[in-house]
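Below is one structure, written out as structure tokens, with a few remarks after it.
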Amino acid sequence: MSNYRRIKRPGGTFFFTVNLADRRSTLLVHRIGDLRAAYGVAGRQHPFRTEAIVVLPDHLHAIWTFPEGDSDFSTRWKKIKAHFSKAVIRGTNRGDDVGGDGGLAPTLRVSPSKSRKGEVGIWQRRFWEHTIRDDADLANHLRYIRDNPVKHGLVSDPVQWPFSSIHRDHQTLVDGA
């Protein structure tokens with residue numbers, strides 16, 4: 001097994017990419033309500049500020065800033081993945097979900113290794129993180145998040161994609177707050 005080194009910068013800002021195991025799935029957008037609920041649970045238990053986020057059918061990107069003295073992103077992602085997976089497996093559906101199974105196979109094939117670790121096979125095991133170094137790096141990653149639905153051919157204008165913090169950020173600019 002690989003020995004991954006993760007940079008710990010308490011109070012830092014980080015960019016993340018988190019993928020579903022099946023990169024052809026549309027589960028994240030079809031079960032967006034469950035994802036929002038899982039995200040909320042993790043955020044209430046272990047606070048962080050979401051600078052930006054975009055949820056695509058099979059993966060998501062987020063930029064988080066942590067409270068001073070805290071950089072435990074692994075626990076937060078573990079909670080988000082676990083809560084989302086449990087909701088999907090239970091078959092519950094939040095009111096704002098698009099509907100459908102999003103490509104979730106009726107019977108997930110879970111390896112013995114994943115089974116021993118309590119994983120159900122919805123997510124890729126790991127996630128990718130990048131420590132934001134400065135304002136220019138932050139601006140580049142904010143643009144990446146904004147433009148990602150266009151890059152993947154989902155929309156022609158980032159504002160058209162409904163599962164993005166661009167709508168929150170745009171409203172803040174309009175309101176002048």
Side-chain angles (χ1 to χ4, degrees), residues 4 6-67 69-105 108 110-111 113-132 141-142 144-146 148-149 152 161-169:
Y4 289 95
R6 301 220 186 254
I7 294 176
K8 301 293 184 181
R9 182 176 291 163
T13 301
F14 299 85
F15 170 85
F16 300 97
T17 300
V18 184
N19 298 306
L20 292 177
D22 180 357
R23 295 301 306 268
R24 297 163 302 175
S25 175
T26 58
L27 190 60
L28 293 179
V29 295
H30 279 92
R31 300 297 294 264
I32 193 70
D34 290 323
L35 182 60
R36 286 178 176 143
Y39 201 87
V41 167
R44 283 187 299 279
Q45 293 176 353
H46 301 277
F48 57 91
R49 184 174 66 241
T50 301
E51 306 296 347
I53 188 169
V54 64
V55 178
L56 289 97
D58 64 340
H59 70 284
L60 64 85
H61 301 288
I63 300 174
W64 292 351
T65 299
F66 292 92
D70 188 355
S71 64
D72 185 6
F73 39 76
S74 293
T75 294
R76 288 165 172 90
W77 282 119
K78 183 177 182 177
K79 287 185 177 292
I80 290 168
K81 289 177 173 185
H83 282 277
F84 179 77
S85 297
K86 286 176 186 172
V88 169
I89 297 302
R90 276 194 312 263
T92 58
N93 221 345
R94 311 252 342 150
D96 55 349
D97 284 330
V98 176
D101 68 2
L104 180 65
L108 290 172
V110 181
S111 69
S113 172
K114 284 187 176 186
S115 183
R116 281 191 304 274
K117 294 181 180 194
E119 298 173 13
V120 294
I122 292 174
W123 297 96
Q124 286 185 5
R125 274 198 173 150
R126 292 184 169 70
F127 55 86
W128 187 83
E129 97 279 342
H130 165 79
T131 304
I132 300 294
H141 284 85
L142 288 169
Y144 184 84
I145 284 176
R146 178 196 67 203
N148 209 249
H152 286 281
W161 188 248
F163 312 114
S164 171
S165 60
I166 192 172
H167 303 288
R168 173 198 71 189
D169 301 337

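Worth knowing before you read on, the calculation uses all heavy atoms, side chains too, and leaves out hydrogens, waters and symmetry mates. Note that the numbering runs from 1 along the sequence shown for the chain.
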Step by step, would you call Phe48 with Phe73 a ring-ring contact (aromatic ring centres under 6.0 Å, His included)? CA-CA 9 Å; Phe48 57 91; Phe73 39 76; over 10 Å; no

Step by step, work out the side chain to side chain contact (heavy atoms under 4.5 Å, CB included) result for Arg126 and Trp128. CA-CA 7 Å; Arg126 292 184 169 70; Trp128 187 83; over 6 Å; no

Go through the steps for Trp64 and Arg76 under the test side chain to side chain contact (heavy atoms under 4.5 Å, CB included), then give the verdict. CA-CA 11 Å; Trp64 292 351; Arg76 288 165 172 90; 3.7 Å; yes

What's the shortest heavy-atom distance between [X] and [Y], and which atoms?
X     : Y      : answer
Ile63 : Phe15  : CG1-CD1, 3.8 Å
Leu56 : Pro149 : CD2-CA, 4.0 Å
Pro47 : Pro67  : O-CD, 3.4 Å

From [X] [atom1] over to [Y] [atom2], what is the distance, rounded to the nearest 0.5 angstrom?
X     : Y      : atom1 : atom2 : value
Lys8  : Ser74  : NZ    : OG    : 4.5 Å
Arg44 : Lys79  : CZ    : NZ    : 12.0 Å
Asp34 : Leu28  : CG    : CG    : 10.5 Å
Asp22 : Ile122 : CG    : CD1   : 11.0 Å
Leu27 : Ile32  : CG    : CD1   : 10.0 Å
Thr17 : Tyr144 : OG1   : OH    : 6.0 Å

Using side-chain contact (heavy atoms from CB on, under 4.5 Å) as the criterion, list what pairs up with Arg23, not counting sequence neighbours. Asn19, Asp58, His59, Gln124

Report yes if the side chains of [X] and [Y] come closer than 4.5 Å at any heavy-atom pair, otherwise no.
X      : Y      : result
Thr13  : His141 : no
Ile132 : Glu51  : no
His46  : Phe66  : no

Kindly determine whether Asn148 and Trp161 satisfy side chain to side chain contact (heavy atoms under 4.5 Å, CB included), including the steps that lead there. CA-CA 10 Å; Asn148 209 249; Trp161 188 248; over 6 Å; no

Test side-chain hydrogen bond (donor to acceptor under 3.5 Å, both in side chains) applied to Thr75 - qualifying residues, sequence neighbours left out: Asp72

Show the numbers, then the answer: is there a side chain to side chain contact (heavy atoms under 4.5 Å, CB included) between Phe84 and Trp123? CA-CA 10 Å; Phe84 179 77; Trp123 297 96; 3.5 Å; yes

